[in-house]
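Just below is one structure, and these are the notes that go with it.
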Amino acid sequence: MIPFANTWPYDIIMKDIYVAQCPFCLSSNVLLPLKIHELDSIHEGKKKLLVFPCCHNKLTLVDTDRDYLLADTAVRNKHNS
């Protein structure tokens, strides 16, 4: 089981995937370079390197569900949880 600290919420709006806030630079409404079909392949076990376009920080996604991206490292801390 992946710890909650390794999760980050996302939204799908008109076939685009957004996060309300970047976990690294705290930019608002960040459009992610992910496609909806990639969420399915990540959920099925394929890892995906996600580079945030706002600050170019990287995160390896290991799983997804309908609400959260799940990473191999902690993305939540006391400032953004």
Side-chain angles (χ1 to χ4, degrees):
M1 183 173 180
I2 295 178
F4 185 69
N6 293 22
T7 65
W8 200 252
Y10 73 92
D11 293 306
I12 298 174
I13 301 170
M14 305 268 313
K15 297 187 180 182
D16 290 326
I17 302 170
Y18 289 87
V19 291
Q21 186 178 57
C22 174
F24 303 106
C25 71
L26 306 179
S27 293
S28 298
N29 299 318
V30 178
L31 173 62
L32 298 179
L34 283 173
K35 302 293 181 199
I36 294 175
H37 67 86
E38 291 178 301
L39 294 176
D40 293 333
S41 65
I42 296 167
H43 181 66
E44 292 169 357
K46 183 177 181 183
K47 291 183 181 180
K48 170 78 175 169
L49 180 66
L50 173 63
V51 179
F52 283 81
C54 47
C55 60
H56 304 288
N57 279 299
K58 299 173 182 92
L59 193 62
T60 302
L61 302 179
V62 294
D63 200 358
T64 62
D65 63 18
R66 290 183 10 210
D67 299 314
Y68 289 95
L69 302 171
L70 298 108
D72 63 346
T73 58
V75 291
R76 295 178 184 268
N77 60 35
K78 61 185 175 191
H79 298 294
N80 58 15
S81 58

Problem set entry | Verify same cluster id: Val75, Leu69 (apolar side-chain graph, 4.5 Å) | yes
Exercise. Passes ring-ring contact (aromatic ring centres under 6.0 Å, His included), Phe52 versus Phe24? Steps please.
Worked result: CA-CA 9 Å; Phe52 283 81; Phe24 303 106; 5.5 Å; yes
Exercise. Looking at SG of Cys54 and CD of Gln21, how far apart are the two atoms once the value is rounded to the nearest 0.5 Å?
Worked result: 10.0 Å
For this session: Assess whether side-chain hydrogen bond (donor to acceptor under 3.5 Å, both in side chains) is satisfied between His43 and Asp65, documenting all intermediate values.
Result: CA-CA 7 Å; His43 181 66; Asp65 63 18; over 6 Å; no
Exercise. Out of curiosity, Leu39 CG to Ile12 CD1, how far, rounded to the nearest 0.5 Å?
Worked result: 5.5 Å
Exercise. Does Arg76 offer a backbone N or O that forms a donor-acceptor pair with the side chain of Trp8 under 3.5 Å?
Worked result: no
Problem set entry | Student check: side-chain heavy atoms of Asp11 and Ile17 closer than 4.5 Å | no
Exercise. Passes side-chain contact (heavy atoms from CB on, under 4.5 Å), Leu50 versus Leu34? Steps please.
Worked result: CA-CA 8 Å; Leu50 173 63; Leu34 283 173; 4.0 Å; yes
Exercise. With respect to Val30, which candidate in Pro23, Cys55, Cys22 satisfies the side-chain contact (heavy atoms from CB on, under 4.5 Å) definition?
Worked result: Cys22
Seminar exercise, completed: In this structure, CG of Asp16 is separated from CD1 of Ile36 (nearest 0.5 Å) by 8.0 Å
Exercise. Is it the case that one hydrophobic cluster holds both Tyr18 and Leu70, taking links as side-chain heavy atoms less than 4.5 Å apart, direct or via other members?
Worked result: no
For this session: Might you point out which heavy atoms bring Val51 and Pro33 nearest each other, and give the distance in Å?
Result: O-CG, 3.5 Å
For this session: Supply the atom-to-atom distance Tyr10 OH to Asp67 CG, rounded to the nearest 0.5 angstrom.
Result: 7.0 Å
For this session: In sequence, state the C-alpha distance, the side-chain angles, and the governing distance for Leu49 and Lys58, and then conclude on side-chain contact (heavy atoms from CB on, under 4.5 Å).
Result: CA-CA 7 Å; Leu49 180 66; Lys58 299 173 182 92; 3.9 Å; yes
For this session: With rounding to the nearest 0.5 Å, note down the distance linking CG in Asp72 to CG in Leu59.
Result: 7.0 Å
Exercise. When rounded to the nearest 0.5 angstrom, what is the spacing between OG1 in Thr64 and CD in Glu44?
Worked result: 9.0 Å
